[in-house]
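Below, chains carry the letters A, B, ... as their sequence lines are ordered, and counting in each starts from 1. Heavy atoms only: backbone and side chains are in, while hydrogens, waters and symmetry mates are out. The structure presented is a predicted model; accordingly, all values stated were derived computationally and were not measured.
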Amino acid sequence: MKKIIFYTLVTCILGACDLVDVVDIKPKDVLTEESAIRNQETAESALAGIYRQLNGNTIAYHQTVLQLGIEAQPGGYTGGSTSNYYVNNVDPQDGEVLSIYTHSYDVINRTNYLIEKLPQLDDGLFEGNRKTEIMAEARFMRGLYHFYTLRLYGQFWDLTSEYGIVLKDVPARSSNPKPRSTVQQSYEFILNDIDFAIDNLPIAIPIGADNPAIYANRYAAVGMKARIKLYMGEYSEAATLAKEVVDDGPFTLENTFAEVFENGYESNEMLLASYFDNDEYNATFDTWFLYLEVSDQYKQIANNLGDTRVNYVDWTHPIYGPGNGKYRFVDLFESHTNIYMRLAEVYLIYAEALARSNGTLTDADSPHFSQVF
Amino acid sequence: MYNISAKKGRRTKRLSRHIWRVLIRVSILNILILAAGLQLLMADPGIGQKLEDVQITMELQNESLVSAFKTIEQQTDYLFAYRRAQVNSYRVNMERGMYSLEEVLDKILAGTWLEYQVTENKIIVKRNLPVVPVMQITEWVPAAMSGAITGKVIDGQTGEPLPGASVLLQGTQRGDAANAEGEYTIDNVEPGRYTLRATFVGYKDLEKEVTVRDAQTTTVNFSMISAAGELDEMVVVGYGSVQKRDLTGSVSTVSSEEIEATSPTTFEEALAGRVPGVLVRQSNGRPGEGFQINIRGVSSVLGYSQPLYVIDGVPIDTNPEYGAGYDGQFTSRENPLASIDPSDIESIEILKDASAAAIYGSRAASGVVLVTTKRGKRGQKPQISIGYSMTTDRILETYDVLNSEEYREVMTTAANNTNITPMPALVDSILNYSDMFFGGANTNWQDEITRTATTNNLDVSVTGGTDNSTYALSADILDQKGIIMNTGYSRYNIRTNLESDVTDFMTVGTNINYTYSERTGNTGLFAIYNATGFRPDLPVRGSDGEYMTYGGSANPVASLTTDAEMMANNLIGNIFTRIHFIDNLSFTSKLNIGFLNSENSLFRPPEASGGGEATLTAQDGHTLTTTFDNTLQFNKTFAQDHTLDILAGASWYKARDRNKYLEVRGFSNYEFINNISSANTIEGVGGGDTESGLASYFGRLNYNYRQKYYATFTIRADGSSKFGPDNKWGVFPSGALAWNISNEPFLKSTDWINNLKIRASYGKTGLANVPDFLYDTFFRYGSTYNDVNGLSPTAMPNLAIRWQDTKQLDVALDFSFFDFRLNGSVGYFSKNIEDMLMNRPIQPETGFQSQSANVGKMENNGIELEISAEIVRQRDFSLSSSFNITKIHNEITDLEGGQPFASGSTSLVQEGYPLGTIQGYVVEEIFQDQAEIDQLNNASPFGFYQAAGTAPGDYKFRDLNNDGQITSEDQKVLGSIQPDFYGGWTNTLQYKGFELSTLVQFTHGNSKFWEAAQVISQERNVLDYFVDDAWSQDNPDGTDPRIVFNDPNDNQRQSNIFVHDASYVRLKNVRLGYTLPSNLTTGLQVEQINIYASISNLLTITDYPGLDPETSRDHGSRTFLNERDSDEYPLSRSVVLGINIRL
């Protein structure tokens, strides 16, 4: 009997029972590089993972904080660090500066996984032209986020500067550092992606609620290229591209400033705006961050210029108090779109490009254009 | 030669038929083996001499009976016959000397289940079982016979008689008190096997087995040991136990008496202030949770500094770290330690140094807490204990905040002082619509949300044993109400501990603990903070009967109307078998299971949700751990001097964690129904599943030479599934040496030294509480866009991620003097932590700011002192006092570029400073005039000195780097969360049946950021503290800043105004107990009745201005964040009344 007990235990210890198989456990609930992207459906998922970041709480929020700067009342809900922007005294160690930078490269990294993996997949796994379109969408997003990064962290205004940005075209598998490229190289890289997008993106006809511009589309790419050219100082090209969007695109301006925000991503003005849905999981925090009270200084500037749009922006929620009226919300769970490009901006690009290229302003002085102001 | 038929008859009753059959076979086998052996033994027939005439020299030190028998055989012509399995479990001691053989045999067999019989030159040692009448053999037990027991009770150390000591025949009401010579007699005892129990105040109870034979007087002498001399006590260590005198490592024990003395609801509470080197803090007073324990300092920056808990062999991670596949949404597993009923605990052992803890290898970096629950004893008659207590809790203190009238006054002043164009809405409302703005109520919100709470606790237990089995069963019901409205904790607990010898060589047993608990009131944590800030001029309910809200936030009372329930079903248990294969060698196999289930649901009605809609969050979490432990144990004394105790083992641990959660909102009829299916919208769903495993091989060697020189070596190799292929295995060795000087011949004769031991140990332990699978790239779903569930990479992998190492040195001196009346220990420890698991910044172009990595070094070193004295030791009067203090220094010696957060660093974690160093600005003075401010502003490169809105009455912060402006560079160290020293002091006074005990706990040198302190900014109410001496033109000497809205100077910034020293001395517990005289209880057929009353937190001496210096935000993880005191669930003063009855 001793033997029986002994051998039973020894057998068990030597691995015959599952209890002792503990070191080589396979991860659960995650995918490996091999299993993540393997057909159209998973490629669409990877693409959704990229677009998701349009709604991420980082770039849209921080852009807002940065751009508004003087717009946000210090001491409001966004707390102390926004005051740094307000007084133009941003600490080099500021976490948001790093966070915005990293966020862009997070999106870029997501695009690079997809861009690297797609060509390895058999064409037969994709419907029609979808494989190329997915590639074009991914490259649009890669170009877009490189451009944002250049705008914020490079000397974008000086094509001869060596202070461009770090260009990433492969997934980050190690943290080996890569040097900055020049501004010229950065623009070339970005335009290469955007041009591929222009050539291959569907000429979707996004009109308002029926087919909102929540994905990369040809006009968004053309509009974005117009903006890039404007920053590059290539004004006539910028004007040409902007005009193409105005003339050929299906976009129309809203009747009032308020409607742009009321209609959100379903507005007819949108070239690219993020999809949002209050029921969509994890997409519930954007408005939190846009809970910015409009600063007294900003209101004063607007009032001095007689710009009545400030009356829409300066808004008080019946329960939660002062906020930025462009991002109205009913309750704290409500989300809002982030606008990446709308028709009004294309008009502005057009006008600015003409103005800077010594063209005449009359071209821009259409009824629509004056409506922008 | 063996009377097996008698044995057979006696045993039948307790053994099932099946086992009996097995037994016969085994017994026959044994007898055959034995018979063969005896053939050899009987080769030389000897001379018939009387045992008392045979003189032999004996010295036995913790030796087996077998080796004692061999010693006798060497010196006499007697030969022994015995069955190894029956004698194996006993170890015997005898002082060196000449004895008669009879004395030796009596002594070494005393207290065993063995008796001997002499035939010619053979001494047959055999098991003697208690007489239990069995139907078949009744005729063998003649009735109406009687014998007597007599003997002497003496002090084991001095040999002096102990008059008044009582000797009781267990299971009867019979007994005797020792006379002046220490002698006692119990007559007319029916023949049979009994347990005699001797008790005397100041001495440890002593039990002996006795066999009473017809017409014979059996002598049983008691040599009692002072209660203070606890060296013979067994101390539980990892995978075994040792006698306290043989300890080489640093192990502290908290006994069941000490646990009972504080009447705790969870056992962690009982450790507070009692053990040197162990800092126990109650981070909040919420029922069912809230203790943080640091053994010899914090052991990791990321704060997984809670010890490993091992409950009857079941390891419990209190703060598991989940992997990438696990959804971060699940955060609230119920505290599994709360599922143990403290009254079930026999002892808690705390393994502090590397030598003691290294047997737990990679899990022992923060020390190990072993919890052993109560078991029955062999041959113990059933003992039923019933305990009941009722506790009344009241909040210790509340804040003085502005009342309605003061509030109106202060708000109006603030509005007048706020000169902003255009006029902010708040100022406009106060100045121009004051009648509409201010309410007419005067509500003390703190009173509204707190209450006097009562707790009831009932526990019942039965323990006992037969000759070959033991049992302990208990049940406990706890119903605790919290001092914050709607909070409470109830627990239903049952426990079974069984052990039984199924054959001569095999014992099986089980320990099972099942608990169902229910905690209510999730929102209690910030209740006080919310209550101090809510406007006092608003009523709880408006005139329409609805809860009053303001600015979108629920009022503090409405916030507590959430319907929050957290249920836990925890099963912690094991089954084991212990086999004695051959002499001195035993094998134990144990399968431990921890099944921890938490189920939470949090319903917030619209008035408490903050979002205008009712919400419900439901979460389920399941943790299943299996631990399969196998150990081989060998012990033997060689050549009488060398004692060896070897342990080898293998253990496999696996943990699987699963969770799911669901958030819904919008209930149209929530007053009546708020289940998931009555919600309008699903807000979120999620879930996770992760698994990790640990394979371990370990060994320990204990050696001692004549109990003078000791050596212990321990090694453990751990393989973890968490790490990459090249880093799976970690090896954790340790060694300890000890010298018991008091056992040296030159000190043996020094009467006043009872024990003097120097010990030192060094070793390595590890830490692996990191998320699973950090070493590879993985993708997960969850980045949803327009209803497509998107993929994203989880993290930047680190192939090289590996164990965190802790190297620990320990040197200590243990002593006991003056007949064990003065005991203590003083020691030095140093803990060096390397390769800490932290985040390391990486190239942000990877898309990640950081990755998990092994970076940083930290050290803890300190001195521990523990001293206890029995000041008075008399029969009816004793007074003892015990004091411990630990001086500790913690420092992050090198961060190596590591940072605590994925997103960056914090001033709380800085190289060269203790973990949790609090930095801030220094307030120099209050500005008196504008000219000074203008001058400073003009001199500053930014156009202002510290803030654009600075005005007279604001704090002037000190420009520490003299650059003419206040920036983040002008912060300095204001304190640290780490105490310089801490400890406790207990006193016990016993007079007749009364016992009074006190427990004082103290810490010194730690600071906290006092979060409740807020200067005026908006309409939030503030403490009197910040406005009662506010600066104004009329009060230029005011010490508080001016009253103004929006805090234009940012007076609220972290400065010395808000960071305070939180040192304290606290009378943590006072308890008065009374044991009813035995003549009274005997009449009631009760063995003992004890009634008691105790009060906790009776007195606190501190300079800390907040409600409580002890509480903090520390929840066990990321200890450094514990710098903030936001008055999370304040502590209470508990008054406990209770009774314990033993039948």
Go through the atoms of [X] and report whether side chain, backbone, both or neither lie under 4.5 Å from a heavy atom of chain B.
{"X": "N176(A)", "value": "backbone"}
{"X": "N109(A)", "value": "side chain"}
{"X": "I214(A)", "value": "both"}
{"X": "S35(A)", "value": "neither"}

Problem - Within-4.5 Å side-chain heavy-atom neighbours: R110(A) and P793(B) - result: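 Yes - at least one pair of side-chain heavy atoms lies under 4.5 Å apart.
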Practice task
Measure the shortest side-chain to side-chain distance between Q843(B) and S174(A) over non-hydrogen atoms and say whether it is less than 4.5 angstrom.
Solution key: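 Side chain of Q843(B) against side chain of S174(A), heavy atoms only: no contact under 4.5 Å found.
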Problem - Closest non-hydrogen atom pair between P844(B) and T102(A), with its separation - result: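 What the structure gives for the nearest pair is CB-OG1, 3.6 Å.
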Problem - Closest approach of K168(A) to E845(B) (non-hydrogen atoms, all atoms of both residues) - result: CE-O, 3.2 Å
Can you tell which part of [X] gets under 4.5 Å to a heavy atom of chain A, answering side chain, backbone, both or neither?
{"X": "R656(B)", "value": "side chain"}
{"X": "S720(B)", "value": "backbone"}
{"X": "S692(B)", "value": "backbone"}

Exercise for the section: Please confirm whether Y105(A) and F848(B) have ring centers closer than 6.0 angstrom. Expected result: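 They do not qualify: ring centres at least 6.0 Å apart.
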Practice task
List the steps and the verdict of side chain to side chain contact (heavy atoms under 4.5 Å, CB included) for L31(A) and F778(B).
Solution key: CA-CA 5 Å; L31(A) 295 162; F778(B) 294 109; over 6 Å; no
In Å and rounded to the nearest 0.5 Å, what is the [atom1] to [atom2] distance from [X] to [Y]?
{"X": "S783(B)", "Y": "D106(A)", "atom1": "OG", "atom2": "CG", "value": "8.5 Å"}
{"X": "T42(A)", "Y": "Y781(B)", "atom1": "OG1", "atom2": "OH", "value": "6.0 Å"}
{"X": "L791(B)", "Y": "Y113(A)", "atom1": "CG", "atom2": "OH", "value": "12.0 Å"}

Exercise for the section: Could you tell me whether a side-chain N or O of Y785(B) sits under 3.5 Å from a main-chain N or O of G49(A), the two making a donor and an acceptor? Expected result: no
Exercise for the section: Would you confirm whether S45(A), through its side chain, and N789(B), through its main-chain N or O, come within 3.5 Å as a donor-acceptor pair? Expected result: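 Confirmed, S45(A) side chain pairs with N789(B) backbone.
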Handout entry: Single hit among Y51(A), Y215(A), Y265(A) for side chain to side chain contact (heavy atoms under 4.5 Å, CB included) with N786(B)
Key =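 In the set Y51(A), Y215(A), Y265(A), the residue that makes a side chain to side chain contact (heavy atoms under 4.5 Å, CB included) with N786(B) is Y215(A).
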